[in-house]
Amino acid sequence: MSDARIELETTVDTTLAGNGSVGDFIALLKPRVMSLVVFTAIVALALAPVQLHPVISFAAILSIAIGAGAAGALNMWYDADIDRVMARTRNRPIPSGAVNAQEALAFGVILSGFSVVVLGLATNWLAAGLLAFTIFFYSVIYTMWLKRATPLNIVIGGAAGSFPPVIAWAAATGTVTLEPIVLFLIIFFWTPPHFWALALVRSGDYARAGVPMLPVVSGIGETRRQIFLYSLLLVPLGIAPAVLGFGGWLYLAVSLGLGVVFLALAWQLWRGREGEIGPVAKRLFGFSILYLFALFAALLAERVIGLPGTGISAVSFLGISA
């Protein structure tokens with residue numbers, strides 16, 4: 001048990017009635033995180049070769065949103081001890097006393113079951129099973145184990161946030177093909193530089209809470225290096241939808257342009273002077289959100305407008321003749 005958990009348990013009774021408002025329970029769902037998750041799922045649903053009835057599409061997206069929110073509530077329930085220690089999270093509903101731990105746990109469990117059942121009944125049980133696995137992975141594997149056990153917590157745990165496009169694609173088609181796997185990989189390799197940039201700024205918070213984030217365990221220098229290395233992997237993956245033909249020329253231009261900026265910021269963070277670390281890390285963190293949103297927005301715009309793919313295949317892109 002971490003020192004932070006011991007401190008919380010000796011100073012705060014989390015079983016007291018919270019008298020939380022509707023807004024407090026909405027905050028448990030981590031709506032800002034959920035919004036990006038829902039957006040990536042919407043894009044995957046739009047890209048899928050099978051068009052669902054609008055009512056079924058709405059039910060699928062709502063289920064994914066509720067499932068993501070439920071995982072967030074379970075995360076806040078378990079992490080109430082470290083949330084209370086960290087300046088960034090101490091005003092969340094549980095550590096602030098607005099909602100008690102039992103209420104948050106029940107809220108998360110009920111919403112988890114509801115989202116999985118509704119998705120299964122509305123679409124198919126492959127999609128529902130993937131959603132159930134995602135909730136379990138984030139709530140148990142990441143929150144209860146990886147987050148407090150290893151500096152690779154974000155690397156492995158990032159899979160949970162990468163699954164929504166796969167779930168949405170499965171909801172539409174009943175299968176998982178290359179396209180959603182590529183979208184999964186983009187989000188998966190985006191997650192470490194995104195969160196490590198924040199961790200560089202908040203390393204003191206994580207140290208006080210006893211969370212072994214990379215800057216705390218391996219130091220700021222190694223974290224900066226890892227951010228750049230992951231960025232080198234991310235940017236080519238970001239271009240992959242155009243290379244594989246399900247992204248068009250608009251997407252190619254967006255992914256190339258923003259990829260160059262992403263790499264430039266990551267390089268500046270790695271090789272910059274020590275006094276620049278905080279400001280550059282903040283810029284990279286903010287830009288990373290824009291980067292991921294813009295990639296998926298470009299894919300969605302092409303589908304809505306009806307723009308064709310690039311017509312490029314991986315074989316022709318690499319200059320390989322049959």
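None of the values given here were measured: they were computed from a predicted structure. We number each residue from 1, following the sequence as shown.
Ser218 places no side-chain N or O within donor-acceptor distance of the main-chain N or O of Pro215, the cut-off being under 3.5 Å. Checking side-chain atoms of Asn124 against main-chain N and O of Ala127 turns up a donor-acceptor pair under 3.5 Å. In this structure, the side chain of Thr123 does not engage the main chain of Gly120 through any donor-acceptor pair within 3.5 Å. Judged purely by atom type and a 3.5 angstrom limit, Gln226 has no side-chain atom pairing as donor or acceptor with the backbone of Thr223. Between the Arg84 side chain and the Pro95 main chain, a donor and an acceptor come within less than 3.5 Å of each other. With Ser162 contributing its side chain and Gly158 its backbone, the two residues share a donor-acceptor pair below 3.5 Å. No donor-acceptor pair under 3.5 Å is formed between the side chain of Asp205 and the backbone N or O of Arg202. Not one N or O on the side chain of Ser139 forms a donor-acceptor pair closer than 3.5 Å with the backbone of Phe136. Glu276 places a side-chain N or O within 3.5 Å of a backbone atom of Arg273 that can act as its donor or acceptor partner.
If you take CD1 on Ile64 and OG1 on Thr40, they are separated by 8.0 Å, rounding to the nearest 0.5 Å. In this structure, Tyr78 OH and Ile94 CD1 are separated by 13.0 Å, a value rounded to the nearest 0.5 Å. Phe293 contributes atom CZ, which lies 11.5 Å from atom CG of Leu258 (distance to the nearest 0.5 angstrom). Atom CG of Leu295 and atom OG of Ser255 lie 6.5 Å apart (nearest 0.5 Å).
Side chains of His194 and Phe189 form no contact here, defined as non-hydrogen atoms less than 4.5 Å apart. Within the 4.5 Å cutoff, the side chain of Leu119 has no heavy atoms near those of the Trp125 side chain. In this structure, Val254 and Tyr251 have side chains that are not in contact, with every pair of non-hydrogen atoms separated by 4.5 Å or more.
Smallest separation of non-hydrogen atoms from Leu185 and Leu237: O-CD1, 3.9 Å. When all heavy atoms of Trp169 and Ala44 are compared, the pair lying nearest together is CE3-O, 3.7 Å.
Under 3.5 Å, the side chains of Ser21 and Asp24 contain a donor-acceptor pair of N or O atoms. Counting only N and O atoms by type, the side chains of Thr175 and Thr177 include no donor and acceptor under 3.5 Å apart. Side chains of Tyr230 and Arg225: a donor-acceptor N/O pair is absent below 3.5 angstrom, by distance only.
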Worksheet item: Where do Phe262 and Leu234 land on the side chain to side chain contact (heavy atoms under 4.5 Å, CB included) test, with the steps shown first?
Response: CA-CA 9 Å; Phe262 200 110; Leu234 168 65; 3.7 Å; yes
Practice prompt. Carefully, step by step, assess Leu47 and Glu179 under the rule side chain to side chain contact (heavy atoms under 4.5 Å, CB included).
Written response: CA-CA 9 Å; Leu47 291 175; Glu179 293 91 340; over 6 Å; no
Item to complete: Take Thr143 and Asn75, measure what side-chain hydrogen bond (donor to acceptor under 3.5 Å, both in side chains) needs, and give me the verdict at the end.
Response: CA-CA 6 Å; Thr143 300; Asn75 171 268; 2.9 Å; yes
Discussion item. Trp196 vs Arg224, test: side chain to side chain contact (heavy atoms under 4.5 Å, CB included). Steps then yes/no.
Written reply: CA-CA 8 Å; Trp196 283 337; Arg224 295 158 70 189; over 6 Å; no
Item to complete: Starting from the C-alpha separation in whole Å, work towards a yes-or-no answer on side chain to side chain contact (heavy atoms under 4.5 Å, CB included) for Val118 and Leu62.
Response: CA-CA 9 Å; Val118 169; Leu62 181 64; over 6 Å; no
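The aromatic ring centres of Phe228 and Trp267 sit less than 6.0 Å apart. Taking the six-membered ring for Trp, Phe137 and Phe163 have ring centres at least 6.0 Å apart.
Using bins of under 30°, 30° to 60° and over 60° for the plane-to-plane angle, the ring pair Phe287/Tyr291 lands in the tilted bin.
The only member of Arg90, Arg148, Arg92, Arg88 that meets salt bridge (Lys or Arg N to Asp or Glu O under 4.0 Å) when paired with Asp79 is Arg148.
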